[in-house]
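Shown next, in structure tokens, is the structure this report addresses.
Atoms within each ligand, like the ligands themselves, are counted from 1 in listed order.
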Amino acid sequence: MQKSTAPSGSPARSVRGNPRVIVVAGPSGSGKTTLGRALAAHLGWAFEDADDYHAPEAVAKMGAGKGLTDADRAPWLDRLAALIQERATLGPPTVLSCSALTRAYRERLTRAASGVALVWLAVPEHLLRQRLTSRPGHFAGAALLPSQLATVEPLASEEGLALDGSRPLTALVREVAAWV
Ligand SMILES: Nc1ncnc2c1ncn2[C@@H]1O[C@H](COP(=O)(O)OP(=O)(O)O)[C@@H](O)[C@H]1O
Ligand SMILES: O=C(O)[C@H](O)[C@@H](O)[C@H](O)[C@H](O)COP(=O)(O)O
């Protein structure tokens, strides 16, 4: 079993075994909020949704179907890195659902503290579109999908655990719980 921390400059590594924070990542509609909540409940951990850490302007932009830029995301990633650092050191152990679309974003989060594990939900485009079209009451709809897909960088194996996000929720929870 591997243990944290990647010193800055070294390649990202998957962290397994007693993580203090699990980041559930993937594009909009991949199911990270659904899995994150269920996983946190299964483990008895706290749950945080990175959506709640966006600036109001960023939420309005995405609500209008416009993708965020690196500059838009930088302060948001800073807030999330601070959250991860706090939870990894002081607790409570936390599942954080966060898009973390690129490898650089993911490294920003997994290197914020030791004991951070990452799981990634891979879902085919047609299913993402279907889920976003039918999801009620969320600021992000299917209009955001093209920009998400233009930005997303699939997980490299050493970054963490890649999941087939089209599988049933119970199977996904079991798989992550068995992995960490
Ligand atoms: N494993 C799953 N199987 C079937 N439907 C799912 C699954 N995960 C999520 N969904 C549904 O897909 C939609 C998007 O899920 P959500 O968790 O909001 O994704 P994200 O947080 O990645 O944008 C929701 O309507 C949710 O109920
Ligand atoms: O970096 C981004 O572009 C956003 O964080 C984006 O990836 C995120 O997914 C939206 O906040 C939509 O919210 P949901 O992912 O919950 O649909």
Side-chain angles (χ1 to χ4, degrees), residues 21-43 45-84 94-110 112 118-155 159-179:
V21 174
I22 301 174
V23 179
V24 179
S28 186
S30 59
K32 57 192 176 290
T33 305
T34 304
L35 175 58
R37 276 189 199 289
L39 181 64
H42 177 85
L43 297 172
W45 288 18
F47 172 72
E48 294 283 342
D49 191 336
D51 279 352
D52 296 335
Y53 291 78
H54 279 302
E57 304 76 42
V59 172
K61 190 172 179 182
M62 289 188 280
K66 296 191 187 113
L68 302 181
T69 63
D70 276 348
D72 291 326
R73 292 187 184 106
W76 172 68
L77 290 167
D78 288 345
R79 288 191 285 277
L80 294 172
L83 172 72
I84 287 171
T94 297
V95 179
L96 169 67
S97 292
C98 175
S99 55
L101 295 175
T102 70
R103 184 164 182 151
Y105 300 161
R106 294 189 287 269
E107 289 183 358
R108 176 84 182 87
L109 301 181
T110 55
L118 181 84
V119 302
W120 176 258
L121 285 162
V123 174
E125 181 176 344
H126 72 89
L127 188 53
L128 290 174
R129 181 167 293 104
Q130 189 182 309
R131 286 181 179 179
L132 289 174
T133 304
S134 57
R135 180 173 63 176
H138 194 290
F139 65 84
L144 198 61
L145 194 51
S147 69
Q148 293 275 295
L149 296 175
T151 306
V152 74
E153 294 172 4
L155 197 79
E159 288 186 79
L161 176 68
L163 299 166
D164 173 357
S166 62
R167 293 168 64 223
L169 180 60
T170 49
L172 296 171
V173 170
R174 261 201 313 270
E175 191 175 344
V176 180
W179 178 72

- Any heavy atom of R135 under 4.0 Å from ligand 2? The part involved is side chain

Is the side chain of [X] donor-acceptor paired with the backbone N or O of [Y] at a distance under 3.5 Å, no angle test?
X	Y	answer
R131	S30	yes
Q148	S28	yes
R167	L172	no
R135	A140	yes

Who's closest to [atom] heavy-atom-wise, of [options]?
atom	options	result
atom 13 (O) of ligand 2	D52, D51, V59, L145	D51
atom 1 (O) of ligand 2	K61, H138, R73	R73
atom 4 (C) of ligand 2	A58, S99, G36	S99
atom 12 (C) of ligand 2	S97, A140, G67	A140

- Item | pair L132-L144: side-chain heavy atoms closer than 4.5 Å | no

- Between W120 and E159, is any pair of side-chain heavy atoms under 4.5 Å apart? no

- Item | Step-by-step side-chain contact (heavy atoms from CB on, under 4.5 Å) determination, V95 to R37 | CA-CA 8 Å; V95 179; R37 276 189 199 289; over 6 Å; no

- Considering the heavy atoms of H54, write down every atom of ligand 2 situated less than 4.0 Å from one of them. 4 (C), 5 (O), 11 (O)

- Item | Which of the ligand 2 atoms, numbered from 1, are nearer than 4.0 Å to a heavy atom of M62 | 4 (C), 10 (C), 11 (O)

- Report yes if W76 has an N/O atom closer than 3.5 Å to an N/O atom of ligand 2; otherwise report no. no

Identity and separation of the nearest protein heavy atom to [atom]:
atom	answer
atom 17 (O) of ligand 2	S28 OG, 2.6 Å
atom 6 (C) of ligand 2	Q148 NE2, 3.2 Å
atom 15 (O) of ligand 2	K32 NZ, 2.6 Å

- Got the residues with a heavy atom under 4.0 Å of ligand 1, by chain and number? P27, S28, G29, S30, G31, K32, T33, T34, R131, R135, G165, R167, L169, L172

- Message: If I take atom NZ from residue K32 and atom CG from residue D51, how far apart are they, to the nearest 0.5 angstrom?
- Response: 6.5 Å

- Query: Between E107 and R103, does at least one N-O distance fall below 4.0 Å, as a salt bridge requires?
  - Reply: yes

- Note on the structure: For W76, the ring pair (Phe, Tyr, Trp, His ring centres under 6.0 Å) test, sequence neighbours excluded, returns H54

- Using non-hydrogen atoms of the residue, decide whether Y105 is closer than 4.0 angstrom to ligand 2. no

- Could you check E48 against Y53 for side-chain hydrogen bond (donor to acceptor under 3.5 Å, both in side chains), going step by step and ending with a plain yes or no? CA-CA 9 Å; E48 294 283 342; Y53 291 78; 2.8 Å; yes

- Task: Assess whether side-chain contact (heavy atoms from CB on, under 4.5 Å) is satisfied between L149 and L128, documenting all intermediate values.
- Result: CA-CA 10 Å; L149 296 175; L128 290 174; 4.1 Å; yes

